[in-house]
J.: 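Here's a structure for you.
Just so we're on the same page: letters track the sequence lines, and every chain starts at 1. Because only heavy atoms are used, hydrogens play no part in the values below, and waters and symmetry mates are left out as well, while side chains stay in.
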Amino acid sequence: MSDYLDRLNPEQRASVETIDGPLLVLAGAGTGKTRVLTTRFAHILLTGRARPHQVLAVTFTNKAAKEMRERVADLLGGPVEGLWLGTFHALAARMLRRHCDLVGLKSDFTILDADDQVRLLKQLMEARHLDTKRWAPAGLMGIIQRWKDKGLPPARIGAAEDSDYADGKALDLYRAYQARLLELNAADFGDLLLFAAEILRTHPEILASYHRLFRYILVDEYQDTNLVQYYWLRLLAQAEKNICCVGDDDQSIYSWRGAEVENILRFEKDFPGAKLVRLERNYRSTAPILAAASGLIAHNAGRLGKTLQSGKKDASGEKLQVLAVNDQDQEAREVVERIARYRNAGDSYDQMVILVRTGAQMRAFEERLILSGTPYRVVGGARFYERAEIRDALAYLRILNQPADDLAFERIVNLPRRGIGDGALQTLRDGARGQSIPLFLSARRAVDAGSLKGKARDSLAKLLLGFDRWRATLARDGHVIAAAEMLDESGYMPMWLEDKTPEAAGRVDNLKELVRAMAEFESLGAFLEHVALVMERDAAEGEARVSLMTLHAAKGLEFDIVFLPGWEEGLFPNQRAVDENGNKGLEEERRLAYVGITRARKHAMISYASTRRIYGTMQDSVPSQFLDELPEDQIERIGLPRVQQRQPWRDDFAWSGSVAAVAPRAPQARKFKVGARVFHQKFGMGTVVGVDHDKLDIAFDHSDTKRLMDRFVEVA
DNA sequence: AGGTTAGTAATTTTT
DNA sequence: TTACTAACCT
């Protein structure tokens, strides 16, 4: 009965058996965090302390939720129904659908994705005649998201939180954006949490009903929670206080998405009497890898403090290699050569990964991998449901589900080309705004009233008739048949079938896959909900491949062999992260480095180049300060060009000795003042006429005044 | 209405 | 370097 407890080490066991009251489990990388969470869940059920639906279990990713669900099922001997187990967003959406009338939404509200959000906001900005080149809609969207991350609806934003972005119109646009979402019966990701928390905050009787329901709360990756998620949890936990949060402050790498490490650092204050357990026995990596990672992360201040110990019987292993190369092409060549060597020695490609700081680094590796015929996969990047053809097809489906979905309507009304251009669309928009009706209805009236003519009228009439027909098919034959019929008759699928470009065939396959996937859902609404919240792509199994991904995407994964290229000042730690957030930014970069190293089970190789091509121009680079922070006795420096030639075109920098042995520090913090003379690669000499954080307004001698990032110019 | 070209800027992205 | 967008021709 309790043999599942015997498989745990003492700390893990304490984490599982400390059931009542608040508990924080600080789980270092590779210390069995998921095992603790799932065992604790099962333990609560098996000891009869709660029924399955009385436990709230929250994760960040669908993948983590899925894994927890499966492992709990394993422990219990079969799948369990009625669990409140899912991502923050999925669980908040589930709550919100129950109480949506309280915030002015209907229960079939649409969940917008990032692309829809920005398009909508851009429309609102254009309606206010804001220059969307100067004020990027995506930038303003970021500000709105941060507000939502903090649990602030427009009404609760005071002067302290307000932004001067977009000529001080940010708050006004936030208000307009929220109003427009309600008109569209839509919510964005941030709203799910924001509204869920607001409802709990302002309706004590609803909050009390959840207090009666949830006896235990489990939270994964607590270091990544933002403020609104924290409020939501705290409200739900304030009655029973049986909340268990698992996390690792050293792996907090999403502050730029609104995550607040402070949430985990503050846990014991928030929940008086909280117990704390540290999981420090690592079962993943060799001793040198652990020692190197620990040595690096020790340079961060303000940690809860944790030292990874090896929990493996034989943790001996080789030192981390630190490779110096001349440029990114050589770096890619060296890495891919080593991949081949490991493979020849019997390692599987599946167990090798290249972890980069930025997407731009991937190209060099991809080229080299292709050239050498090494199978690889890029993890992350464009997901299935983010592909253009899938989003187009989904727009059709959304209109079928909810004709008032104006964003979807705009996306596909002229796709494939139907001769409905900007002029015709503007007529429809004017009609919709004038009569306060959705675009779809406005289109119908425009056709009937003859306010459009010619080709636009004819093809729009045909499209509207089509939707009537497809809706009838939906009612009669179900969503799968209706979808197939719609994609075909609307001309969307034929458009790709006739397309002769190389990627068209893949798009057709994706569309077929989409229709196939719909069969697993009861209704069109259920399918669309899944797509909005559970944007997971089925991991294509099959041939073993090397993985290529960003460091962020690697969190939670592990590999035998890990390559960590691009450890250069400016790139990693990333200049922008440091510019924007100072020492906090630098510490987050260091945590990212820590995450990278701790992904490795057996081998890790870090590399850096003395020259790198950035935006087409060659730039000298300096080894990352993180290299100096690695314990020297745990690393082996290889491949160094003993004497680095002094670059003749850079007089201001003299190499002292070998690149690898002496790591020069990064220069000066960038400080520009109004009036400073600066040089830009492309625009030449200019004078600074305005400073806004890291952005400078520069009057160029031979061009206009432009707004540029300060790191693209240098002091003249 | 739609394809072409020139200008411009440039992290990370769990949901 | 590339990717994206807005202005520009047909």
Side-chain angles (χ1 to χ4, degrees), chain A residues 58-65 86-93 111-114 117 122 131-134 136-138 142 145 148-149 187-193 220-221 223-226 229 251 253-259 328 355-361 363-364 380-383 385-386 414 417-425 454-456 459 531-536 549-557 566 570-581 585 588-589 591-592 595 612-619 680-683 695 703-704 706-709 711-712:
Chain A
V58 199
T59 65
F60 269 85
T61 66
N62 293 301
K63 203 176 148 200
T87 62
F88 273 100
H89 294 271
L91 294 168
I111 297 167
L112 299 187
D113 64 28
Q117 293 174 37
K122 190 175 177 203
D131 180 0
T132 52
K133 290 213 76 168
R134 176 156 186 166
Q145 302 273 29
K148 293 186 176 184
D149 290 341
D188 66 20
F189 277 105
D191 288 335
L192 300 176
L193 265 303
D220 190 13
E221 305 276 20
Q223 77 283 354
D224 286 336
T225 50
N226 60 33
Q229 289 162 337
Q251 292 188 65
I253 55 174
Y254 282 103
S255 74
W256 50 276
R257 289 275 273 100
Q328 59 204 333
L355 300 178
V356 295
R357 178 61 183 85
T358 72
Q361 289 171 260
R363 182 188 316 278
R383 280 175 280 266
Y385 290 113
E386 286 169 7
N414 198 33
R417 305 274 184 210
R418 297 187 170 90
I420 302 167
D422 289 343
L425 190 57
K455 196 179 174 197
S459 57
V531 168
L533 287 173
V534 189
M535 303 256 266
E536 69 188 319
M549 64 183 95
T550 63
L551 286 158
H552 283 90
K555 196 169 67 142
L557 306 178
L571 181 59
F572 190 42
N574 188 272
Q575 190 63 52
R576 187 154 167 194
V578 178
D579 286 349
E580 285 175 5
N581 291 303
E588 182 149 321
E589 293 290 300
R591 290 194 291 268
L592 205 43
V595 166
R612 190 168 288 270
R613 204 168 40 242
I614 298 172
Y615 312 143
T617 53
M618 279 303 210
Q619 302 203 352
H680 183 270
Q681 196 74 33
K682 188 159 175 181
F683 304 120
K695 296 187 185 65
S703 186
D704 306 333
K706 295 181 196 303
R707 173 164 287 224
L708 300 167
M709 295 287 197
R711 78 202 125 92
F712 291 100

J.: Give a yes/no verdict on base stacking between B/dT15 and A/F88: centres under 5.5 Å, planes within less than 30° of parallel.
T.: no
J.: Could you report the tightest heavy-atom contact between A/A65 and A/T87, atom names first, then the distance?
T.: CB-N, 4.4 Å
J.: Using side-chain contact (heavy atoms from CB on, under 4.5 Å) as the criterion, list what pairs up with A/R257, not counting sequence neighbours.
T.: A/R146, A/Y254
J.: In whole angstrom, give the distance that lies between atom CZ of A/R576 and atom C1' of B/dA9.
T.: 11 Å
J.: Over all heavy atoms of both residues, which pair between A/E589 and A/R357 is shortest? Give the atoms and the distance, please.
T.: OE2-NH2, 2.7 Å
J.: Could you check whether A/G556 gets within reach of a base, just the sugar-phosphate, or nothing at all, counting any heavy atom under 4.0 Å?
T.: nothing
J.: B/dA10 C1' sits how many Å from A/K133 NZ, rounded?
T.: 13 Å
J.: Nearest-nucleotide wise, let me know which of A/H552 and A/T87 is further upstream toward the 5' end of DNA chain B.
T.: A/H552
J.: Assign each of A/R357 and A/T225 to its nearest nucleotide of DNA chain B by heavy atoms, then name whichever residue's nucleotide is nearer the 5' end.
T.: A/R357
J.: Does the side-chain ring of A/Y615 sit on the six-membered ring of the B/dA9 base, less than 5.5 Å centre to centre and under 30° in tilt?
T.: no
J.: What's the CE-P distance between A/M549 and B/dT13, to the nearest Å?
T.: 11 Å
J.: Identify the two heavy atoms, one from A/D220 and one from A/A64, that lie closest to each other, and give their separation to 0.1 Å.
T.: OD2-CB, 4.1 Å
J.: Mind calculating the distance between CD (A/Q117) and P (B/dT15) to the nearest angstrom?
T.: 14 Å
J.: Taking all non-hydrogen atoms of both residues, which atom of A/L192 and which atom of A/A93 are closest, and how far apart?
T.: CD2-CB, 4.0 Å
J.: May I ask you to verify if any side-chain N or O of A/Y254 is less than 4.0 angstrom from the OP1 or OP2 atom of B/dT11?
T.: no
J.: Take the protein atom CD of A/Q361 and the nucleotide atom P of B/dA10, then report the distance between them rounded to whole Å.
T.: 18 Å
J.: Tell me, for nucleotides 1-6 of chain B in 5' to 3' order, what letter each nucleotide earns: B for a base near a protein heavy atom under 4.0 Å, S for only sugar-phosphate near one, - for neither?
T.: SSS---
J.: Hey, where on DNA chain C does chain A first and last touch, going 5' to 3'? Cut-off is any atom under 4.0 Å from a heavy atom.
T.: C/dT1 to C/dA6
J.: Under the 3.5 angstrom rule, does the side chain of A/N414 hit a backbone N or O of A/I420 as a donor-acceptor pair?
T.: yes
J.: Check whether more than 12 heavy atoms from other residues, nucleotides or ligands sit under 6.0 Å from atom CG of A/D131, and answer yes or no.
T.: yes
J.: Taking all non-hydrogen atoms of both residues into account, name the closest pair between A/E588 and A/S255 and its distance.
T.: OE1-OG, 2.7 Å
J.: Just compare B/dT11, B/dT12, B/dT15 and give me whichever is closest to any side-chain atom of A/T550.
T.: B/dT12
J.: Rounded to the nearest Å, what distance is computed from the CZ atom of residue A/R591 to the P atom of nucleotide B/dT12?
T.: 18 Å
J.: Without swapping roles, check the side chain of A/H89 against the backbone of A/L533 for a donor-acceptor pair under 3.5 Å.
T.: no
J.: Tell me the interatomic distance from A/D224, atom CG, to B/dT15, atom P, rounded to whole angstroms.
T.: 12 Å
J.: Could you tell me which non-hydrogen atom of A/L193 sits nearest to which non-hydrogen atom of A/A92, and how far apart they are?
T.: CD2-CB, 4.0 Å
J.: Base, sugar-phosphate or nothing for A/R257? Non-hydrogen atoms, less than 4.0 Å.
T.: base
J.: Round to the nearest Å and state the distance from A/E580 atom CD to B/dA10 atom P.
T.: 11 Å
J.: When all nucleic acid strands are considered with a 4.0 Å heavy-atom cut-off, which category describes A/E589: base, sugar-phosphate, or nothing?
T.: base
